[in-house]
Amino acid sequence: MNQTIRVRYAPSPTGLPHVGNIRTALFNWLFARHNKGKFILRIEDTDVARTQPGALESIMDSLRWLGLDWDEGPEAGGPYSPYFQSQRLGIYRSIAEKLIAAGQAYHCFCSPERLQAMREEQTKRKEPPRYDRHCRDLPAAEVARLRGEGVVPVVRFNIPLEGRTVFKDLLRGEVSFENSTLDDLVLLKSDGYPTYHLANVTDDHLMEISHVLRADEWLSSTPRHVLLYDALGFQPPVFAHLPIILGPDRAKLSKRHGATAVTEFKEQGYLPEAMVNFLSLLGWSLDEKTELMSREELVANFSLERVSRTAAIFNLEKLNWMNGVYMRKLRPQDLCEKVMPFIESGLGPEPKCPVSDEYVSQITPLVQDRARTLREFAEFSDFFFYEDLKYEAGMLLKGVKSRDTALHALQTARQAIAELPRFDATSLECLFRPLAAELGLKPGEFFGLTRGAVTGKTATPPLFETMAVLGRERCLKRIDVAVKNLSVLKPS
RNA sequence: GGCGCAUUCGUCUAGCGGCCUAGGACACCUCCCUCUCAAGGAGGAGACCACCGGUUCGAAUCCGGUAUGCGCUACCA
């Protein structure tokens, strides 16, 4: 096959794009870029009731955020316009009419009520619920009568009553279905919109899609599509059904499992490059060891042969780890820039120090190794920004013998700090180590106590660097507050 | 219920007949480093390769069956 590779991502704008969904987009994109082909974005807005206003924007935002650029589609345009199925209604109608004329499809006047009753009846009799082909061979006179009554029909496809439909799936090999298990699916709905099946087959053909890489849940409807291609005299594309993504409970990933929309990951402070890397490993692998790959490496190495066939569980822990790796790889000034909005929005309304580039760039090297997401970065460094700390005074006593020991140590530290000629990390350490010995405290005890006073936390970046960034005045003030907090505590 | 797909450590996976007494990664545990927390380094535990048959000198790898899971079974995609 030496035609150019053309693949598409064809979401329906019914909500926020899901990570599973976007993983399919990623694989399509990687396949296109690896093969120097085209990646097309096509919007399948054929369900009027389910289409949501902002969905298109969030689909495009998600793709852009991950760097999955499309060659044809909304905003990009392209030779096969339009790329919105709702703007191609005439095409589907004429295809449907062509099928009817050829005896490959028919009008069906059955009401939704009749269909539902029929299915209930079938289920009760333990039969597979299937359209009973009531309208398949309706006499012309009957059709005219129903028409006259104003019943708007749907168009159904004539599935062959016998035989098998066999097709090749790139990942699963030959797949075969008994035609008798398929029913006469609806092609054109009564509102004039096509169903997925018609629109999909029509557009994939017209847009010269070479490979259909879609989620596994479509495998069962592929024989219908193959039959449709046949009826229309179209050459079917190559199919590859990708494994789906499950939540930790092995059920299809959904809102119950926490964040699932791509935009949520963005808001939670994940980096797009980490996301792309992580998602690429959900159902694909390069070899037995390589895990960390740049976008370029992924493009260079991606191949369908190495896509697995089994559903994968979305492992948030691993994403967190990988995001941390990418955070640590960032140049400090880049991290600084990326984390800024999270600091600004992540801090509450309480009075806080000004958030400046200069200040944040001092904090960045201290927190970079410690945070796994940008949001976590903001949380870990919040004490740098709040003017007043909130903590339980008892926290200060953790690891210290008594309240009075702590009070004395803090007061001693306060005075020493106030008199320190140079307020930097090295000077502070040279001051504190001997001071701990003088106080009869272990360094860890003394440092921990000071840490609590100065940050309100038990776990922070290294004490002296942290103090140096906070500045002398703020440290003194916070120690004063700590002393006050301890004084009102019962002696221990 | 019918049809289809799948089944290797808790999780993501490597493996496409002998290199496997099954490799890597996350998570977990221990130790080192260390002012806390991380990061980093060194180890460890963790999979009778779903089960049962078969093919073969030899099977995680091929075939059949069973079980389990998932998907589809709409005028939704």
Side-chain angles (χ1 to χ4, degrees), chain A residues 10-12 14 44-47 49-50 108 110-112 115-116 119 122-123 125-131 152-156 169 171-172 175-178 180-183 185-191 193-197 199-200 214-223 241 243-244 246 248 250-252 278 281-292 305-306 308-322 324-325 328 367-372 380 398-399 429 432-433 436 442-452 455 457-464:
Chain A
S12 60
T14 52
E44 310 225 326
D45 50 353
T46 56
D47 187 337
R50 289 207 309 152
C108 169
C110 295
S111 66
L115 294 174
Q116 200 192 335
R119 276 189 212 101
Q122 288 166 332
T123 321
R125 286 199 305 260
K126 302 220 177 218
E127 285 169 20
R130 257 199 306 260
Y131 180 57
V152 183
V154 301
V155 175
R156 284 186 185 269
D169 181 279
L171 300 180
R172 293 157 213 280
V175 183
S176 128
F177 290 78
E178 201 72 54
S180 61
T181 63
L182 274 24
D183 69 354
L185 62 144
V186 172
L187 259 22
L188 210 57
K189 302 183 254 187
S190 55
D191 63 1
Y193 279 74
T195 58
Y196 170 84
H197 308 289
N200 180 261
R214 79 224 308 184
D216 190 32
E217 63 209 71
W218 293 109
L219 188 62
S220 303
S221 34
T222 306
H241 289 90
I244 57 171
L246 310 173
R250 297 216 139 266
K252 226 209 278 195
F278 178 74
L281 258 17
L282 239 39
W284 176 83
S285 62
L286 172 57
D287 54 29
E288 69 280 3
K289 51 188 61 160
T290 314
E291 302 251 280
L292 298 169
E305 289 74 57
R306 298 199 60 88
S308 86
R309 278 144 293 142
T310 50
I313 292 175
F314 190 89
N315 188 184
L316 224 206
E317 276 301 322
K318 188 157 180 172
L319 203 217
N320 286 337
W321 162 76
M322 191 173 276
V325 172
R328 274 170 250 131
V367 184
Q368 184 157 21
D369 279 359
R370 296 175 164 77
R372 297 184 303 178
F380 286 178
K398 212 179 135 198
E429 183 155 12
F432 268 61
R433 285 200 184 272
K442 279 188 257 175
E445 285 178 289
F446 186 39
F447 299 174
L449 174 65
T450 311
R451 163 178 291 109
T455 68
K457 297 186 178 203
T458 53
T460 73
L463 216 215
F464 308 116

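Residue numbers begin at 1 in each chain, while the letters A, B, ... track the order of the sequences. Model, not experiment: these values are computed from the prediction.
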Sort me out a list of protein N/O and nucleotides 75-77 of chain B N/O pairs below 3.5 Å, or just none if empty.
from: B/C75; atom 1: OP1; to: A/Arg119; atom 2: NH2; distance (Å): 3.3
from: B/C75; atom 1: OP2; to: A/Arg119; atom 2: NH2; distance (Å): 3.3
from: B/C75; atom 1: OP2; to: A/Arg156; atom 2: NH2; distance (Å): 3.3
from: B/C75; atom 1: O2; to: A/Ser190; atom 2: N; distance (Å): 2.8
from: B/C75; atom 1: O2; to: A/Ser190; atom 2: OG; distance (Å): 2.7
from: B/C75; atom 1: N3; to: A/Ser190; atom 2: OG; distance (Å): 3.0
from: B/C75; atom 1: N4; to: A/Cys110; atom 2: O; distance (Å): 3.3
from: B/C76; atom 1: OP2; to: A/Lys189; atom 2: NZ; distance (Å): 2.9
from: B/C76; atom 1: O2'; to: A/Asp47; atom 2: OD2; distance (Å): 2.6
from: B/C76; atom 1: O2'; to: A/Arg50; atom 2: NE; distance (Å): 3.2
from: B/C76; atom 1: O2'; to: A/Arg50; atom 2: NH2; distance (Å): 3.0
from: B/C76; atom 1: O2; to: A/Arg50; atom 2: NH2; distance (Å): 3.4
from: B/A77; atom 1: OP1; to: A/Thr46; atom 2: OG1; distance (Å): 2.9
from: B/A77; atom 1: OP1; to: A/Lys189; atom 2: NZ; distance (Å): 2.6
from: B/A77; atom 1: OP2; to: A/Tyr196; atom 2: N; distance (Å): 3.1
from: B/A77; atom 1: O3'; to: A/Glu44; atom 2: OE1; distance (Å): 3.3
from: B/A77; atom 1: O2'; to: A/Ser12; atom 2: OG; distance (Å): 3.1

Show the distances under 3.5 angstrom between N or O atoms of the protein and N or O atoms of nucleotides 39-48 of chain B.
from: B/A39; atom 1: O4'; to: A/Asp369; atom 2: O; distance (Å): 3.4
from: B/A39; atom 1: O3'; to: A/Arg328; atom 2: NH1; distance (Å): 3.3
from: B/G40; atom 1: OP1; to: A/Arg328; atom 2: NH1; distance (Å): 3.4

Using nucleotides 3-10 of chain B, report all nitrogen or oxygen pairs with the protein that are shorter than 3.5 Å.
from: B/C5; atom 1: O2'; to: A/Arg172; atom 2: NH1; distance (Å): 2.7

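Pair assignment for B/A47 gives none, since no Watson-Crick or G-U wobble pairing has each distance under 3.5 Å. B/G18 is paired with B/C57 under the criterion used here, namely a Watson-Crick or G-U wobble arrangement in which both key atom distances are under 3.5 Å. Partner assigned to B/A42 is B/U30, using Watson-Crick or G-U wobble distances below 3.5 angstrom. If you check B/A25 for Watson-Crick or wobble pairing at under 3.5 angstrom, you find it paired to B/U11.
Atom pair A/Leu282:CG and B/C26:C1' shows a separation of 12 Å (rounding to whole Å applied). One can place CD of A/Glu291 at 13 Å from C1' of B/A27, the figure rounded to the nearest angstrom. Regarding A/Asp183, its CG atom lies at a distance of 7 Å from the P atom of B/A74, rounded to whole Å. A/Glu429 has its CD atom 8 Å from the P atom of B/C35, to the nearest Å. A straight line from CE of A/Met322 to P of B/U11 spans 18 Å, rounded to a whole angstrom. Distance A/Ile313 CD1 to B/G69 P: 14 Å, rounded to the nearest Å. Rounded to a whole Å, the CD atom of A/Glu305 is 12 Å from the P atom of B/G15. For A/Trp284 and B/A14, the CH2 to C1' distance is 13 Å, given to the nearest whole Å.
Partners of A/Pro128 by side chain to side chain contact (heavy atoms under 4.5 Å, CB included), not counting sequence neighbours, listed by chain and number: A/Arg130. With sequence neighbours excluded, the residues that form a side chain to side chain contact (heavy atoms under 4.5 Å, CB included) with A/Pro153 are A/His107, A/Phe109, A/Arg147. By the salt bridge (charged side-chain N to carboxylate O under 4.0 Å, His left out) test, A/Arg433 is found to be paired with A/Glu429, residues two or more places apart in sequence or in another chain being considered. Remark: A/Glu317 pairs with A/Arg372 by the salt bridge (charged side-chain N to carboxylate O under 4.0 Å, His left out) rule, at least two apart or across chains. Here A/Arg50 pairs with A/Asp47 under the salt bridge (charged side-chain N to carboxylate O under 4.0 Å, His left out) rule; sequence neighbours left out. Every side chain to side chain contact (heavy atoms under 4.5 Å, CB included) that A/Thr458 has, sequence neighbours left out, goes to A/Met395, A/Lys398. Under the rule for a salt bridge (charged side-chain N to carboxylate O under 4.0 Å, His left out), the partners of A/Arg172 that lie at least two apart in sequence or sit in another chain are A/Asp216. When the ring pair (Phe, Tyr, Trp, His ring centres under 6.0 Å) test is applied to A/Tyr196, the partners found at least two apart in sequence or on another chain are A/Trp218, A/His225. Taking the side chain to side chain donor-acceptor pair (under 3.5 Å) definition, one finds that A/Gln122 meets it with nothing, sequence neighbours left out.
Taking each heavy atom of A/Arg328 and A/Asp369 in turn, the nearest pair found is CG-OD1, 3.4 Å. Heavy atoms only, all atoms of each residue included: A/Lys457 and A/Thr460 are closest at CB-CG2, 3.8 Å. Across A/His241 and A/Asp169, no two heavy atoms sit closer than the pair ND1-OD2, 2.7 Å.
Straight-line distance between the P atoms of B/G24 and B/A47: roughly 15 Å, to the nearest whole Å. Nucleotides B/C19 and B/A59 have their C1' atoms positioned 15 Å apart, rounded to a whole Å.
Using a 4.0 Å heavy-atom criterion, one finds that A/Leu319 contacts no nucleic acid atom at all.
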